[in-house]
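In what follows, chains are A, B, ... by sequence order, proteins preceding strands, each numbered from 1. Here the structure is a predicted model, which is why all the values come from computation and not from measurement.
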Amino acid sequence: MRASRILLPTLRDAPGDAVARSHQLLVRAGFIRQIGAGLWSYLPFGWRVHRRVEQIIREEMDAIGGQEMLMPVLHPADLWKKSGRYGIPEMFYLKDRVGRDLVLSMTHEEVIAFHASEAIRSYRDLPQIWYHIQIKERDEPRPQGGVLRTREFIMKDSYTLDRDKSGLDEGYTKHELAYDRIFRRSGIRFYKVESDVGMMGGSGAHEYMAPSPAGEDRIVLCDGCDYAANVEMAVSVARPVSVAADQPLTEIATPDVTTIAALATLLGVDEGATMKSVIVVPEDERGGVVLALVRGDHRLHELKLQKALGSTFRPAHPDEIRAAFGAEPGSIGAVNLRGGAVREVLIDPSITDGGYVAGANRTGYHLVGAQHGRDFDARPIDLRHAESDDACVHCGGRLHIEDAIEVGNIFKLGLRYSVPMEATFLDDDGVEKPVWMGSYGIGPARILASAVEQFSDENGIVWPQAIAPYDVWIVPIGDDAIAPSDELDASLATLGVEVFVDDRKLSPGVRFKDADLVGVPLRITIGKRLETDGTIELKHRASGETEVLTPAEAPARLAALVAAAKALPAQP
RNA sequence: CGGGGUGUAGCGCAGCCUGGUAGCGCACGCGCUUUGGGAGCGCGUGGUCGCCGGUUCGAAUCCGGCCACCCCGACCA
């Protein structure tokens, strides 16, 4: 491909509002352009990368028996009313000319279940793996980071349909294998982590996470074993704190002390030897306040508390706290509760049997030696945020937390959609049963952006070979270099290598800068040396190393390099 | 949705406080020179200063309202 025929609007400066590195570089390098909040066009180079990612996904999905299809973006509202998801705030709602309710697809579980309900009659029709690579529309509260979080994006979503739970497990395992190969072939660094099932519902899930400071997710990783989890799910062993057991319960005056830090300082104890009281009001019909207890040095994990409560919640207002506990915020604890004033008390299990410092429910006083089971009752449940330097529950190793971009996820949906959507089949025992479903997503744009986040330098992007917009970038210098460039392009084309010939009428310096910015892994320079000593130069974008080649040996050398770089690599 | 910020040429920015002919760099066009790491000289093109209203003889500038976009948080794949 000749540069003079392609749209490649590179910029010397990134737009002032671009913060994420991938956002800056993809715009500067002429890959993407914004048309509104969370709405992006892919220009030719950007789209080439996207399509290469798609193609890797397609090949690996086909390899596990996936059947590619295409489902619409516009859905009748009835489908979503049937599954019970109509009304969720992230969906775009619209009406047609006669007033029928329609929605734009956020995902395709409903449509898949609809097709399954019609097409799957018998256990002989199972299992199935269906997928498509299609647009998703989501009314995101806050699109950000360029192409990292958008309101319209393309997703590969696949769905397994199985006869029973073990069938679902097999389909899930196939996806784990396919996903491992997809992300390795794409050339990005990634982790597979345990994850929350989120809005999809279901019974088990993993996420594929590309570590990057631009990521919106936090993952917990063990230095000693392969434990990896989203912080939403992570369990860990808290830093040990020594607390004496069987201390007598003693009330002490702590005037004007309302923070854990001040309390620990005043009493000369570890913050971890105190109990933090968090008072919340669940947003359900039952009413009342709930007291959640975590260790003083820990943070309450709001999502875990939400799951424990079975509903969303808000912090209690000070007057609600006074009414329920008879004391000001800052002096609240689980001991000596007034009967019926507090709906439930939850306690994080890192608070062990010893005596802790706790609010006395008397303004300006705390209790020393408060002991769960002896002085108060509470339901033990994991409520705390895993922290860096916690210990691994599996191997005792040290945990650390990294930022990461979610590039894919896999969910065991179970019967969540097949039951309401009536996707059933007749089993060999003559009984009509619901299909077991799984759903599996990958965001090609996030793979693309993750690669830029992970692989760039001060000069621009450094694409992994497999998803680079082109395999080789040729800079002809001088008119005499054009014909040899085209010849090399033609030879490489017969070897399946895609070449970009930068024949723009710009100085060599500008074209070298653009080549670095755009980040094609292999660059050939054809200049005077072809005439003087019959050679051309190969430069590796990543290492900066150069090789001197003759035009005759170049095609084989380049084709070999490309093939080697695209071979399934170990994780970098 | 809460908090903060920004809207002036394709991109990056100055001008606004203190009202008086809209500027700079890059990019872009033409000419000449130049061709292995963002070339030089010369001549040019391009902006209803986000929108609406108000104050004023006069508004990019002051006032009010609205819109858009970005960041943090909430939320979410």
Rounded off to whole Å, could you give me the CG-to-C1' distance for the A:Asp17 and B:C71 pair? 10 Å
Taking the same atom, P, in B:G53 and in B:G58, what whole-Å distance lies between them? 15 Å
Quantified in whole Å, what is the C1' atom distance between nucleotide B:C67 and nucleotide B:C51? 7 Å
Contact under 4.0 Å: A:Gln34 side-chain N or O vs B:C70 OP1/OP2: yes
Counting any heavy atom closer than 4.0 Å, what does A:Glu140 reach on the DNA or RNA strands: base, sugar-phosphate only, or nothing? base
Rounded to the nearest 0.5 Å, how far apart are CG of A:Asp471 and CG of A:Leu492? 8.5 Å
Which part of the nucleic acid, if any, lies within reach of A:Gly527 when heavy atoms closer than 4.0 Å are counted: base, sugar-phosphate only, or nothing? base
With respect to the phosphate group of B:G37, does any side-chain polar atom (N or O) of A:Arg511 fall under 4.0 Å of OP1 or OP2? no
P atom, B:U6 versus B:G44: distance in rounded Å? 37 Å
N/O to N/O distances under 3.5 Å, protein versus nucleotides 39-47 of chain B:
| from | atom 1 | to | atom 2 | distance (Å) |
| --- | --- | --- | --- | --- |
| B:A39 | OP2 | A:Ser507 | OG | 3.4 |

Which label fits A:His75 and A:His108: parallel for a plane angle under 30°, tilted from 30 to 60°, or perpendicular past 60°? perpendicular
Once you round to the nearest 0.5 Å, how far does CG of A:Leu413 lie from CG of A:Leu168? 8.0 Å
Within a reach of under 6.0 Å around CZ of A:Arg151, are more than 12 heavy atoms found that belong to other residues, nucleotides or ligands? yes
Where does the angle between the aromatic ring planes of A:Tyr172 and A:His206 fall among parallel (under 30°), tilted (30 to 60°) and perpendicular (over 60°)? tilted
Parallel, tilted or perpendicular: ring planes of A:His385 versus A:His301, cut at 30 and 60 degrees: parallel
Whole angstrom is fine here: how far is it from CD in A:Glu232 over to C1' in B:A74? 14 Å
Give A:Pro508 one of three labels, base, sugar-phosphate or nothing, depending on what nucleic acid heavy atoms sit under 4.0 Å from its own. base
Classify the angle between the aromatic ring planes of A:Phe45 and A:Trp473 as parallel (below 30°), tilted (30 to 60°) or perpendicular (above 60°). perpendicular
Separation between the C1' atoms of B:G37 and B:G47, rounded to whole Å: 34 Å
Pairwise 5' ranking along RNA chain B for A:Thr535 and A:Thr150, keeping only the more 5' one: A:Thr535
Only pairs with both distances under 3.5 Å count, Watson-Crick or wobble alike; so what is the partner of B:G58 in this structure? none
Span that lies between the C1' atom of B:G36 and that of B:C32, in whole angstrom: 23 Å
Considering every strand shown, what is the Watson-Crick or G-U wobble mate of B:C16 when both distances are under 3.5 Å? none
Using Watson-Crick or G-U wobble geometry with both distances below 3.5 Å, tell me the partner of B:C32, or none. B:G40
Hey, which of these two, A:Gly36 or A:Gln306, hits RNA chain B nearer its 5' end, going by closest nucleotide? A:Gly36
Can you tell me how the ring of A:His23 sits relative to the ring of A:Trp40, calling it parallel under 30°, perpendicular over 60° and tilted otherwise? perpendicular
Considering every strand shown, what is the Watson-Crick or G-U wobble mate of B:G73 when both distances are under 3.5 Å? B:C1
With sugar-phosphate meaning primed atoms plus P, OP1 and OP2, does A:Gly30 contact a base, only sugar-phosphate, or nothing at under 4.0 Å between heavy atoms? nothing
Distance between P atoms of B:C57 and B:G40 (Å, rounded): 50 Å
Between the side-chain atoms of A:Lys539 and the base atoms of B:G36, is any donor-acceptor pair under 3.5 Å? no
Mind checking if A:Glu216 touches a base, just sugar-phosphate, or nothing, with heavy atoms under 4.0 Å? nothing
Opposite nucleotide pairing with B:U21, Watson-Crick or G-U, both atom distances under 3.5 Å: none
Using a heavy-atom cut-off of 4.0 Å across all strands, would you classify A:Ala18 as base, sugar-phosphate, or nothing? nothing
Could you tell me the separation between the NZ atom of A:Lys505 and the C1' atom of B:G29, rounded to a whole number of Å? 18 Å
Would A:Trp130 and A:Tyr159 count as a close aromatic pair, with their ring centres under 6.0 Å? no
On the side chain of A:Arg28, is there an atom forming a donor-acceptor pair with the base of B:G38 - under 3.5 Å, no angle test? yes
Distance in angstrom units between A:Gln144 CD and B:C69 P, rounded: 15 Å
In whole Å, what is the span from the CG atom of A:Asp217 to the C1' atom of B:G73? 16 Å
Is a donor-acceptor contact shorter than 3.5 angstrom present between the side chain of A:Arg523 and the base of B:G36? no
Report the distance from atom CZ of A:Phe512 to atom P of B:G37, rounded to the nearest whole Å. 7 Å
Over how many whole Å does the gap from A:Arg33 atom CZ to B:C69 atom C1' extend? 16 Å
Identified pairing partner of B:A27, criterion: Watson-Crick or G-U wobble below 3.5 Å: none
Using the P atoms only, state how far B:A74 lies from B:G3, rounded to an integer number of Å. 16 Å
Integer-rounded Å distance: B:G36 C1' and A:Asp479 CG: 15 Å
With both distances under 3.5 Å as the test, what is the Watson-Crick or G-U wobble partner of B:U48? none
Please work out which of the three classes, parallel, tilted or perpendicular, describes the rings of A:Phe190 and A:Phe183, given edges at 30° and 60°. tilted
P gap between B:C24 and B:G15, integer Å: 15 Å
Looking at A:Phe153, I'd like to know if the NZ or CZ of A:Arg138 sits under 6.0 Å from its six-membered ring centre while staying within 45 degrees of the ring's axis. no
Give none if B:G7 has no partner; otherwise give the nucleotide forming a Watson-Crick or G-U wobble pair with it, both distances under 3.5 Å. B:C67
Picking from B:G38, B:G36, B:G25, the nucleotide nearest the side-chain atoms of A:Glu537 would be B:G36
